[in-house]
Participant: 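To start, I am sharing the structure in question, which I have written as structure tokens.
When a residue number appears, it is its place in the shown sequence, counting from 1. It should be emphasised that the depicted structure is a prediction, and the values quoted were computed from it without experimental measurement.
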Amino acid sequence: MANQGLKKSLNEIWELSSNAYQNNVPKIDDNTSIDNFSAPLLKNTTFLNEFCEALIQRIVYTQFEIKSYNNPLKFLEGEEMPLGYLGQEIFVNPAKSRNYDITDFAGLLKKYENDTKVQYMKINFDKQYVVTVVREKIKQAMTSWNNLETYITSLTNSLYNGAYIDEYRYTKYLVSNAYRENAVQIEKITPPTNKETAEAFTEKAREIYLNFAAPTSNYNAWKKVGGYGREIVTFTEPQDVVFIIRNNLRSKLDVSVLANAFNIDKADLLGRIISVEDFDIYDENNNKIYDGSHIYGIMCDRRWFRIKTQDMYMEEFRNPNNRSMQYYLNLIKMYQYSLFANAVVFADEEPQVPITALSYNNTTEINMVVGDNEGLDIIVTPFNANTPVIQYTSSDEEIFIVDADANNDRHCTLTATGAGTATLTATAGNVEITLSINVTAVQ
């Protein structure tokens, strides 16, 4: 006798089938044998094809939706994305205050614009998962209810496991990519290898967790990546904080200590701390293409993960040449991270993002008078590049000298020492830019 789950699924197929199918293939009850069920299918190609099409659409697809939630990071996914390959996230900064002025009548008609920021996002995940159902395999499966259920389960596993693994990996890849692109705030830590360093890590995590609740610009990446306008102010409610850490780190952190550090119940804590095996990135052939071993975890607002499903549907293709059915599960999603949400990656070193271009904001020369000091900022492309350190040189120190800012290599100070023209050169590896410095004598 078929178990209740299989019986229900096969009868759902029967309900949606043609009249001819229903007149020949029995609806299953507790007395229906596998022989009575399978005989009309195996004797009539039309009925078998109809069964195979419904098999994937009604059973495998349904089980995929149920079992995909086993992904421990699935809860970070947002609502479905509407049709179209482009989307946007809009953030409005808190309004700035102004001093009350009883005499300010003109201000009544002044326009006060919202400080609105936009981050554009697009579909970047479009995958197909394929299984083939061969007629001979169907015949073999229909020798017993158990064999049929096992075969259906194998088809289901083939589809949903592929999607399950990809969804899990691509969620982790958001952390890895944000780190390697230097597009997230980074907290450099000593690797927690013993009790002392593990406690130090816990203390730092607690500090950041508490700071998340305050309105600040310190934990979002808008300014870090060169976002336009003024800095944005963000905060995160405690219940929205998510902590994803590596398994080897999680094993060193005591649950009770963590619960006390975050001032929440242990049961609630375990729901918000998720451990993963690593933050490496792999290609389609499972070859590692990025080593994420410097990343130990991320603490973030759950809204930092911008994951949306646009579409998920099945297609099939019947191939009479080898008497098979090809089934395609299509999964189309967006995987992005937000520049508007609090997020801090814990790592033992800064990522290396190379400078590709330098500029002085279209300035080609600077005019100075002997004795003057002038600060100069250089523009780096990409904005969040951090290597190598920019070096500044003067072609003639009798005309001007240059001092780099010890804390910010994108800033230097020029001091005019004598009349004439000399060249300022800024160098970052193989990237170089020059600027003419004209100095005149004091009148």
Participant: Classify the ring geometry between F201 and F243 as parallel (under 30°), tilted (30 to 60°) or perpendicular (over 60°).
Facilitator: parallel

Participant: Using a 4.5 Å cut-off on heavy atoms from C-beta on, say whether the side chain of K224 contacts that of N182.
Facilitator: yes

Participant: Quick check: do L339 and K117 have side-chain heavy atoms less than 4.5 Å from each other?
Facilitator: no

Participant: List the steps, then state whether side chain to side chain donor-acceptor pair (under 3.5 Å) holds for N146 with S144.
Facilitator: CA-CA 5 Å; N146 183 62; S144 71; 5.1 Å; no

Participant: In sequence, state the C-alpha distance, the side-chain angles, and the governing distance for T197 and N194, and then conclude on side chain to side chain donor-acceptor pair (under 3.5 Å).
Facilitator: CA-CA 6 Å; T197 52; N194 53 42; 2.8 Å; yes

Participant: Where the side chain of S176 meets the backbone of F279, is there a donor-acceptor pair that is under 3.5 Å apart?
Facilitator: yes

Participant: Has Y392 got a side-chain atom pairing as donor or acceptor with D409's backbone, closer than 3.5 angstrom?
Facilitator: yes

Participant: Apply the test side chain to side chain donor-acceptor pair (under 3.5 Å) to residues D403 and T413: give CA-CA distance (whole Å), side-chain angles for both, the deciding distance (0.1 Å), then the verdict.
Facilitator: CA-CA 5 Å; D403 292 306; T413 301; over 6 Å; no

Participant: May I ask you to test the R303-S338 pair for a side-chain heavy-atom distance under 4.5 Å?
Facilitator: no

Participant: Quickly, which of T236, T216, D301 forms a side chain to side chain donor-acceptor pair (under 3.5 Å) with N342? Name it, please.
Facilitator: T236

Participant: Might you point out which heavy atoms bring P388 and A428 nearest each other, and give the distance in Å?
Facilitator: CG-C, 3.5 Å

Participant: Measuring only between side-chain heavy atoms, which start at C-beta, is E284 closer than 4.5 Å to K127?
Facilitator: yes

Participant: Less than 4.0 Å between a side-chain N and a carboxylate O, is that true for K172 and E277?
Facilitator: yes

Participant: Would you call D115 and R230 a salt bridge, taking side-chain N to carboxylate O under 4.0 Å as the test?
Facilitator: yes

Participant: Are there more than 12 heavy atoms of other residues, nucleotides or ligands under 6.0 Å from atom CZ of F125?
Facilitator: yes

Participant: Relative to the ring of Y337, is the ring of W304 parallel (under 30°), tilted (30 to 60°) or perpendicular (over 60°)?
Facilitator: parallel

Participant: Is the number of heavy atoms from other residues, nucleotides or ligands under 6.0 Å of E398 CD greater than 12?
Facilitator: no

Participant: Is any side-chain heavy atom of L424 closer than 4.5 Å to one of I366?
Facilitator: no

Participant: Please tell me whether Y209 and F212 form a close aromatic pair, meaning their ring centres lie under 6.0 Å apart.
Facilitator: no

Participant: Any side-chain heavy atom of L331 within less than 4.5 Å of one from K333?
Facilitator: yes

Participant: Whether the side chain of D280 engages the backbone of G292 through a donor-acceptor N/O pair (distance < 3.5 Å, no angle test) should be reported.
Facilitator: yes

Participant: Using side-chain heavy atoms (C-beta onward) and a distance below 4.5 Å, is Y151 in contact with I138?
Facilitator: yes

Participant: State whether the number of non-hydrogen atoms from other residues, nucleotides or ligands found under 6.0 Å of N430 atom CG is greater than 12.
Facilitator: no

Participant: Check whether more than 12 heavy atoms from other residues, nucleotides or ligands sit under 6.0 Å from atom CD of Q239, and answer yes or no.
Facilitator: yes

Participant: Distance-only, no hydrogens or angles: does the W222 side chain make a donor-acceptor pair with backbone N or O of V233 under 3.5 Å?
Facilitator: no

Participant: May I ask you to decide if the ring planes of Y173 and Y170 are parallel, tilted or perpendicular, using 30° and 60° as cut-offs?
Facilitator: tilted

Participant: Got I433 and V431 here, is their nearest side-chain heavy-atom distance under 4.5 Å?
Facilitator: no

Participant: The test is salt bridge (Lys or Arg N to Asp or Glu O under 4.0 Å); show your working for K204 and E207 and say whether it passes.
Facilitator: CA-CA 5 Å; K204 177 54 67 174; E207 176 188 342; 3.0 Å; yes

